[in-house]
Amino acid sequence: MKDNNQLALLATQLKGELYYRDTASDQTMLLAYSTDASVYQEKPLAVAIPSDINDLKYLIDFARKYQTTLIPRTAGTSLAGQVVGNGIVVDISRHFNRILELNVEEKWVRVQPGVIRDDLNNYLRPFGLMFGPETSTASRAMVGGMIGNNSSGLHSIVWGDTRHNLISAHVILDDKSEAVFEQLNEATFFKKLLQSGREGDIYRQLNELLTNEQNRADINSGYPKRSITRRNTGYALDILSDQSRPFNLCNLLAGSEGTLAIVTEAKLRLMPLPPQELGLLCVHFADMVECMQGNIVALNHRPEASELVDKYILDFTVGHPTYKYNRFFIEGDPQALLIVEFRGRDANEAAAKAMALKAELIAKGLGYAYPYITGAEETNMVWDVRKAGLGLIRNLPGDSQPVNLIEDCAVSPEDLPAYVSDIQQLLKEEGVHASYYAHAGAGELHIEPFVNLKTEAGKRTFRSILEKTSSLVLKYNGSLSGEHGDGRLRGEFIGKVLGEKVYKLLEKVKFIFDPNGIFNADKIVNTPPMDANLRYDNNHNRAEIKTYFDFSKEESILRLAEKCSGSGDCRKSEITGGTMCPSFMATRDEKDTTRARANILRQFLTNSTQRNRFDHEEIKEVMDLCLSCKGCKTECPSSVDVAKMKAEFLQHYYDVHGASIRARLIANFTDSQRLGSLVAPLYNFVINNRFLSGLVKRAVGFAPKRSLPMVNGTTLSHWVKKQRSGSMGGKRKVYLFSDEFTEYNDAEIGITAYKLLTALGYEVVIPNHVQSGRTFLSKGFVKEAKKIAHKNVMFLKDLITDETPLLGIEPSGIITFRDEYLSLVDKDMQQDAQRLAKNALMIDEFLLAEIKAGRIHQEQFTVASRKIKLHGHCYQKAFHLVAVTEQVLSFPSNYSVEVIPSGCCGMAGSFGYEAEHYDVSMKVAELVLLPAVRNTDEQTLIAAAGTSCRHQIKDGTGRKSLHPVEILYDALLK
């Protein structure tokens, strides 16, 4: 296949979108879809985003006519390369995402395949129902992908897998005909056999295959032992041929990885919400095999879940910007941790079950610590460590990285101690270490060996480990794949584990449904070698890349990009919440994910033949909608900091192409505002006049609907100089950082902050400093930001200490000291920059510390009642500071604060001003923030620390929001 003329013909027939040409935009999409969460990479021929069923049928027709294959894709979190290949990727995540029908009484729901599992359960929660299977990727995993892989998750021992909960499915077959797979009784099955057309052919041929006595004998002897619930190797002929079950082709469809038909609708079985009272017994072990023995004991107590977390994962939570807070329950230095969940009608019932297990473990000498965790927030923090396992271990330094390889093999839980012991010996012989985690209760451990796939020796080890492990799986009559599927990774070894006779039956099943290879060819059967098309096959151009930022902490900018595991945490929706990734939440385009940005940057930094490897329009395209919100720095388990990489890229891009006038104007925002403040009345008249401001916006390239920031007639620093020196109460001295936004645009907020601090008894001094450099960083002028960082560190290094901190009003300004400065300054200034960063605080942080120290008292504030809704700035969220602001605003005795569950406001500095970004900016704001503000009564105050956030709220709702210091000063008894 297929030349561009044929693909162009396809494009004219689709109502949806098709990307295939050699334009930068199309190439960006093709590269973004060339990987998933596996170790594989292969550029597709095209990416189709169909809008309806007619588009899907036309794609099937095209694939048959031009002999190519369709690769159905939803979230793209497959670990075995299921959605990677040289065909047409069909992304159904954007348009096939509706919940169609709910039947509360009968406990079922009909959905399209692009519905996200957690979003579905959010919809079902008010009805007291839920869809049970919950992968660790449930915040972005979609029903179609869950069917394809027969996903299960950490509660599968009670809630079952997707196959168990799939009642029926609407599908399109290879001839474009539609069919419904559902439970059949004897009479309806007989009707199917007599039915004409493609569907009837399928039933007749399957019936012939399944009624053959030799085939049945081969199936019974070849498939894993019945006690293994995680059985996902090949097609589920063992379940389809089980005469104790009603005949339902959904049993075959689940786990078929999109190779048999395209699912357009699924009817799912629901379950009542489980008891809310739960507790986690977190059993600490000094040895992995001992932990597996403890798991057998745990299962006798009928828990809801029994999950493993090993030392590697726990160690990577140490110092992690998010997960370091999740370590509160860890005692000592366990080699393995077994998290056992119990639920009950009340807290006492759950606790009694847990204590019974604890008593038996102690009696048998298993484990050394047994903390019991309760409370929704605390238990979620524990589970989040488990769910982030794969992403966390991607923080391993060096080129030997955890690989998806034997992570999906399953055995009976009673075999786990011996199996783990054998695996440990196997890996020792191979000379590699591994991380062990996940579904101990179901007999499936995610074992991730650390292998260097950038070397030929590493690739040989990669193959050798799977070859030897497949022998162990056969030894224990286990399942080669438990929930992640075979894909192109394990397909090569299915015949070895199930037997060649069964493998021939699997090939026949594929032929019965899809003789022309239209649906996801070369997955499960007839797969390429498991070590072909690896992500690092083209790894011969890895010369050192010089950067302006210091990436030594991350090893290099390339290693930082490579840390992306593809797990897709950046694809969650606004319903799940969080900050990462705001542009994807608005557009639902794969190219706008953190994952796509990291992967495309990685591909060009590895394979570019340009002298300047950053000089590629495709990188510019994929970075365009990055709002530099820093959500990925902390919400991504691997801490893939795209905001930092974007700034680095832009500087290198400017080095070749130069920067636009608008980019330079924005970067030099401080200069324009300084000049504007000198003629403030005239400046403000121009920007408030519709005609004159319109001329300015058109000239600069700003959105016509966007209002421009006004300047103050006096600057904050000038106002402070005119105040009396000294404090009113003799307390400590603090230094106030007058950032570029507060100095010129929000001087009245800075003045209020000064008044608040002095009224509370502090001596406030604005030290000699320059702007923060935030405007330069936001537009990628890293060389200029580096000069600013050096100046500020030199100005402040001898002034700022634990006793005399630097306080910031604008989050984006002060947090620059704690973030970018540390990798901007030269090595001889590193220690000074680190000390400065340690003591550069948001004013909220300082006030809370003083409250806790007893130096600020509740009696100093009003007892009047106020309600406040708080929107946190992205950088506050990235540095876990929203809760600090919430606590400070709640300090007046009758002030109640509700945090708006918003992500980014969408303004993101200059992003929301730029004409081409205005619509996306507003879409981001409309996800959560603006509706929440509109639904707030006028008596409730809206709080927002960021100047961009306040501007977005005003433009989007007409509502004025207040900086927290304004609210606190108003509450102060003066």
Side-chain angles (χ1 to χ4, degrees), residues 36-38 72-83 111 113 115 117 120 131-138 141-169 171 181-183 223-224 226 228-242 245 248-263 266-269 271 404 407-410 438-439 441-444 446 473 478-491 494 497-498 506 509-510 513 519-520 523-525:
D36 53 8
S38 72
R73 174 170 171 144
T74 51
T77 57
S78 304
L79 294 171
Q82 285 95 325
V83 296
V111 300
V115 171
R117 186 270 183 185
L120 171 61
F131 177 57
E134 61 164 338
T135 68
S136 61
T137 59
M142 297 176 182
V143 170
M146 295 181 73
I147 293 171
N149 284 348
N150 186 32
S151 299
S152 38
L154 61 88
H155 287 98
S156 69
I157 58 177
V158 177
W159 299 351
D161 57 18
T162 303
R163 179 181 289 126
H164 173 76
N165 291 284
L166 179 61
I167 299 172
S168 66
V171 301
F181 294 166
E182 59 189 349
Q183 181 176 313
Y223 275 81
R226 295 289 178 178
I228 299 174
T229 57
R230 298 290 183 98
R231 44 196 312 111
N232 220 27
T233 304
Y235 299 117
L237 288 176
D238 56 333
I239 295 174
L240 198 65
S241 64
D242 184 351
R245 298 170 180 252
N248 189 340
L249 280 185
C250 284
N251 290 327
L252 197 66
L253 187 69
S256 64
E257 303 178 9
T259 62
L260 304 182
I262 291 182
V263 178
K267 184 178 180 181
L268 306 174
R269 180 176 291 107
M271 58 178 283
N404 304 309
E407 89 297 340
D408 203 32
C409 301
H439 314 299
E444 180 194 34
H446 293 338
V473 172
S479 182
L480 191 62
S481 170
E483 65 171 341
H484 295 161
D486 300 309
R488 56 196 299 167
L489 172 62
R490 285 173 279 268
I494 293 175
V497 174
L498 297 186
L506 301 183
V509 169
K510 172 64 173 174
F513 278 87
F519 299 128
N520 209 7
K523 311 301 187 329
I524 301 181
V525 297

Query raised in the report: Is N165 reaching over with its side chain to a backbone N or O of M271, donor-acceptor style, under 3.5 angstrom?
Result: no

Requested in this report: Could I get the full list of salt bridge (charged side-chain N to carboxylate O under 4.0 Å, His left out) partners for E134, not counting sequence neighbours?
Outcome: none

Report task. Would you confirm whether N232, through its side chain, and S481, through its main-chain N or O, come within 3.5 Å as a donor-acceptor pair? Result -> no

Requested in this report: Would you check if K523 and D486 make a side-chain contact, meaning some heavy-atom pair closer than 4.5 Å?
Outcome: no

Report task. Could I get the full list of ring pair (Phe, Tyr, Trp, His ring centres under 6.0 Å) partners for H446, not counting sequence neighbours? Result -> Y437, H439, H484

Report task. State whether the side chain of N251 and the backbone N or O of A236 hold a donor-acceptor pair below 3.5 Å, judged by distance alone. Result -> no

Query raised in the report: Would you say the side-chain atoms of D161 pair up with the backbone N or O of N150, donor to acceptor, closer than 3.5 Å?
Result: no

Query - Sub-4.5 Å side-chain heavy-atom contact between R230 and S479 - result: no

Query raised in the report: Is there a side-chain contact between N149 and T135, using heavy atoms and a 4.5 Å cut-off?
Result: no

**Report entry** Ionic contact status for E407 with R490, cut-off 4.0 Å
**Finding:** yes

Query raised in the report: For D36, what residues pass the side-chain hydrogen bond (donor to acceptor under 3.5 Å, both in side chains) criterion, not counting sequence neighbours?
Result: S38

Query raised in the report: Between the main-chain N or O of F131 and the side-chain N or O of R117, is there a donor-acceptor pair closer than 3.5 Å?
Result: yes

Query - Min side-chain heavy-atom separation L252-V509 under 4.5 Å - result: yes

